[in-house]
Amino acid sequence: MNPLIVKHSVVIEGHKTSVSLEEPFWSSLKEIAAAEGKSLSQVVSAIDKHREVLRRGNLSSAIRLHVLERYRPQAIKKAA
């Protein structure tokens with residue numbers, strides 16, 4: 001496994017699952033959770049539910065897309 005990828009356990013709907021993501025995505029996801037006043041598990045659960053609705057691949061991919069969607073407007077704003 002790539003050493004830049006970190007596996008974490010999270011609880012979704014009362015079930016423990018493991019998710020593998022690059023460390024910058026974990027850090028960003030934790031920032032998002034803190035900004036929303038939610039736990040990491042609550043944010044991941046919401047992403048998981050949304051992923052099922054949008055039919056977005058696996059959970060790791062859905063989390064990456066969520067982080068990208070959250071920070072992309074800021075990056076575009078800085079570039080302008």
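Everything numeric here is computed off the predicted structure, so don't read it as measured data.
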So do Leu29 and Ile47 actually touch side chain to side chain, heavy atoms under 4.5 Å? yes

Look only at the side chain of Arg51 and the backbone of Gly57, and say whether a donor-acceptor pair between them is shorter than 3.5 Å. yes

Please report the interatomic distance CD1(Ile32) to CD1(Ile63), rounded to the nearest 0.5 Å. 10.0 Å

Separation between CZ (Phe25) and CD1 (Ile5), nearest 0.5 Å, reads 9.5 Å

Pair Asp48-Ser45, side-chain donor/acceptor within less than 3.5 Å: no

Distance-minimising heavy-atom pair for Trp26 and Val6: NE1-O, 2.9 Å

Closest non-hydrogen atom pair, Ser9 against Ser18: OG-OG, 3.7 Å

Under 4.5 Å between side-chain heavy atoms, hopping through other hydrophobics if needed: is there a path connecting Val43 to Tyr71? yes

Nearest-0.5 Å distance that lies between atom OG in Ser27 and atom CD in Glu22: 11.5 Å

Please check this pair: side chain of Ser60 against backbone of Leu21, looking for a donor-acceptor N/O pair closer than 3.5 Å. no

Got a second to check how far Arg64's CZ is from Ser28's OG, nearest 0.5 Å? 12.0 Å

State the CD-NE2 distance between Glu69 and His50, to the nearest 0.5 angstrom. 6.5 Å

Looking at CD1 of Ile12 and CD of Gln42, how far apart are the two atoms once the value is rounded to the nearest 0.5 Å? 12.5 Å

